[in-house]
Amino acid sequence: MIYPLNWKEIPSITQIGSKAKSLMETTRAGFLVPLGFILSVDFFEPWNTHITSSGEWRRLLQSTSPETCAAVQEAARKLHFSPVQRAALEKQLSGVPQNTCFAVRSSAPEEDLAIASFAGQYETILGVTIANLEESIAKAFSSMFDLRVFEYKRKKNLPVDHPRIALIVQRMVNSEVSGVAFS
């Protein structure tokens, strides 16, 4: 359910998404990548099951609107970890200082593909502490129910009835400069 960025085998994109896969490959290649881990699609299965069996979800599929999306997002933001999710996350965080700052970022299986980038569609939360990690994860998770995500998926002919997301929880680093390079 949870994969450290330095995990020995790289899971499939359907479990962790392209962004997480790239971070794992970059880590494996020896580049300095801030420590972190991936909450896989399987990690969120209990939350997806809860949401997709709700009346709000059925209403959203019948009529996708700002109101129906907002209702599902609100329900998703109120979700709490199951005992299994909590135990897996606590194991991953063991030994991490309480004052560590994280970024919670999306890595959906449909994201960053040749046919669809989803740039800016999903929520990224910065400055997350262990104390507000669960709330921040729920907020990032809920962003897959945003109206703009549904509209983008429909525009790209991607299914909207089977939501999936993985999230990256990665230590933030203080930097004076940063940049992106493409090759």
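Note that this is a predicted model, so its numbers are computed, not measured.
- The main-chain N or O of Ser143 is never found under 3.5 Å from a side-chain atom of Glu123 such that the two would form a donor-acceptor pair.
- Taking every heavy atom of both residues into account, Ala166 and Ile38 meet most closely at CB-CG2, 4.3 Å.
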Q: Apply side chain to side chain donor-acceptor pair (under 3.5 Å) to Glu45 and Thr49, showing your working.
A: CA-CA 6 Å; Glu45 189 55 37; Thr49 299; 3.1 Å; yes

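- A heavy-atom distance below 4.5 Å is not found between the side chains of His162 and Asn48.
- Between the OG1 atom of Thr100 and the CG atom of Leu93 there is a distance of 8.5 Å, given to the nearest 0.5 Å.
- With hydrogens and angles disregarded, a donor-acceptor distance shorter than 3.5 Å links the side chain of Thr68 to the backbone of Ser63.
- For the atom pair Glu56 CD and Ile51 CD1, the distance stands at 7.5 Å (nearest 0.5 Å).
- Remark: Glu151 does not engage Lys155 in a salt bridge, criterion side-chain N to carboxylate O under 4.0 Å.
- Although no hydrogens or angles enter the test, the distance criterion places no donor-acceptor pair under 3.5 Å between the side chain of Arg171 and the main chain of Cys101.
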(Q) Could you walk me through whether Thr64 and Cys69 satisfy the side chain to side chain contact (heavy atoms under 4.5 Å, CB included) test, starting with their C-alpha distance in whole Å, then the side-chain angles of each, then the deciding distance to 0.1 Å, before giving a yes or no? (A) CA-CA 7 Å; Thr64 304; Cys69 286; 3.9 Å; yes

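- At least one side-chain heavy atom of Gln85 sits less than 4.5 Å from a side-chain heavy atom of Pro46.
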Q | Asp146/Gln73 under side chain to side chain contact (heavy atoms under 4.5 Å, CB included): CA gap, chis, key distance, verdict | A | CA-CA 7 Å; Asp146 193 284; Gln73 280 189 285; 3.8 Å; yes

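- For Phe44 and Phe141, the distance between ring centers is under 6.0 angstrom.
- Taken together through direct or relayed side-chain contacts under 4.5 Å among Ile, Leu, Val, Met, Phe, Trp and Tyr, Val96 and Val33 form parts of separate hydrophobic clusters.
- In summary, the side chains of Arg59 and Ser54 do not present any donor paired with an acceptor at a separation below 3.5 Å, with no hydrogens or angles considered.
- Residues Ile130 and Phe102 have side chains in contact (heavy-atom distance under 4.5 Å, counting atoms from C-beta outward).
- Annotation for Leu147 and Pro66: closest pair CD2-CG, 3.7 Å, computed over non-hydrogen atoms.
- At least one donor-acceptor pair under 3.5 Å links the side chain of Lys19 to the backbone N or O of Ser106.
- For the residue pair Lys78 and His80, the shortest heavy atom distance occurs at O-CD2, 3.3 Å.
- Residues Pro11 and Met24 meet the side-chain proximity criterion, which asks for heavy atoms closer than 4.5 Å.
- A single hydrophobic cluster is seen to contain both Met1 and Phe37, as judged by linkage of ILVMFWY side chains at heavy-atom distances under 4.5 Å, directly or through other members.
- In this structure, the separation between OH on Tyr3 and NZ on Lys8 is 11.0 Å, given to the nearest 0.5 Å.
- Counted by atom type alone, Ser175 and Ser178 present zero donor-acceptor pairs between their side chains at under 3.5 Å.
- One hydrophobic cluster holds both Phe145 and Phe43 under the rule that ILVMFWY side chains link at heavy-atom gaps under 4.5 Å.
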Q) Would Thr14 and Arg164 satisfy side chain to side chain donor-acceptor pair (under 3.5 Å), going step by step from the backbone distance to the final call? A) CA-CA 9 Å; Thr14 60; Arg164 299 175 304 151; 5.3 Å; no

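- Counting all heavy atoms, side chain and backbone alike, Trp57 lies closest to Val160 at CH2-O, 3.5 Å.
- A salt bridge links Glu25 with Lys21; the closest basic N to acidic carboxylate O contact falls under 4.0 Å.
- Annotation: side chain of Leu133 is in contact with side chain of Val169 (closest heavy-atom distance under 4.5 Å).
- Less than 6.0 angstrom separates the ring centroid of Phe81 from the ring centroid of Trp47.
- Looking at Ile125, Val128, Asn132, Leu89 one by one, the single match for side-chain contact (heavy atoms from CB on, under 4.5 Å) with Ile137 turns out to be Leu89.
- Rounded to the nearest 0.5 Å, atoms CE (Met144) and CG (Leu167) are 8.5 Å apart.
- Of the listed residues (Leu35, Leu5, Leu32), just one forms a side-chain contact (heavy atoms from CB on, under 4.5 Å) with Thr27, and that residue is Leu5.
- Residues Ala76 and Ala138 come closest through the heavy atom pair O-CB, 3.8 Å.
- Between His50 and Leu79 there is a side-chain heavy-atom pair separated by less than 4.5 Å.
- Taken from OG1 in Thr52 to CG in Leu60, the straight-line distance is 11.5 Å, to the nearest 0.5 Å.
- When hydrophobic clusters are built by joining Ile, Leu, Val, Met, Phe, Trp and Tyr residues whose side-chain heavy atoms come closer than 4.5 Å, directly or via intermediates, Val84 is grouped together with Ile165.
- Ile168 is not connected to Ile2 by any chain of hydrophobic side-chain contacts under 4.5 Å among Ile, Leu, Val, Met, Phe, Trp and Tyr, and they are in different clusters.
- Thr129 contributes atom OG1, which lies 9.5 Å from atom CD of Glu135 (distance to the nearest 0.5 angstrom).
- At a threshold of 4.0 Å, the pair Arg86-Glu134 counts as salt-bridged, since one of the basic side-chain nitrogens sits closer than that to a carboxylate oxygen.
- No donor-acceptor pair under 3.5 Å is formed between the side chain of Gln92 and the backbone N or O of Pro4.
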Q: Could you please spell out the steps behind the side chain to side chain contact (heavy atoms under 4.5 Å, CB included) verdict for Leu39 and Val104?
A: CA-CA 10 Å; Leu39 304 174; Val104 177; over 6 Å; no

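- Although no hydrogens or angles enter the test, the distance criterion places no donor-acceptor pair under 3.5 Å between the side chain of Ser40 and the main chain of Gln15.
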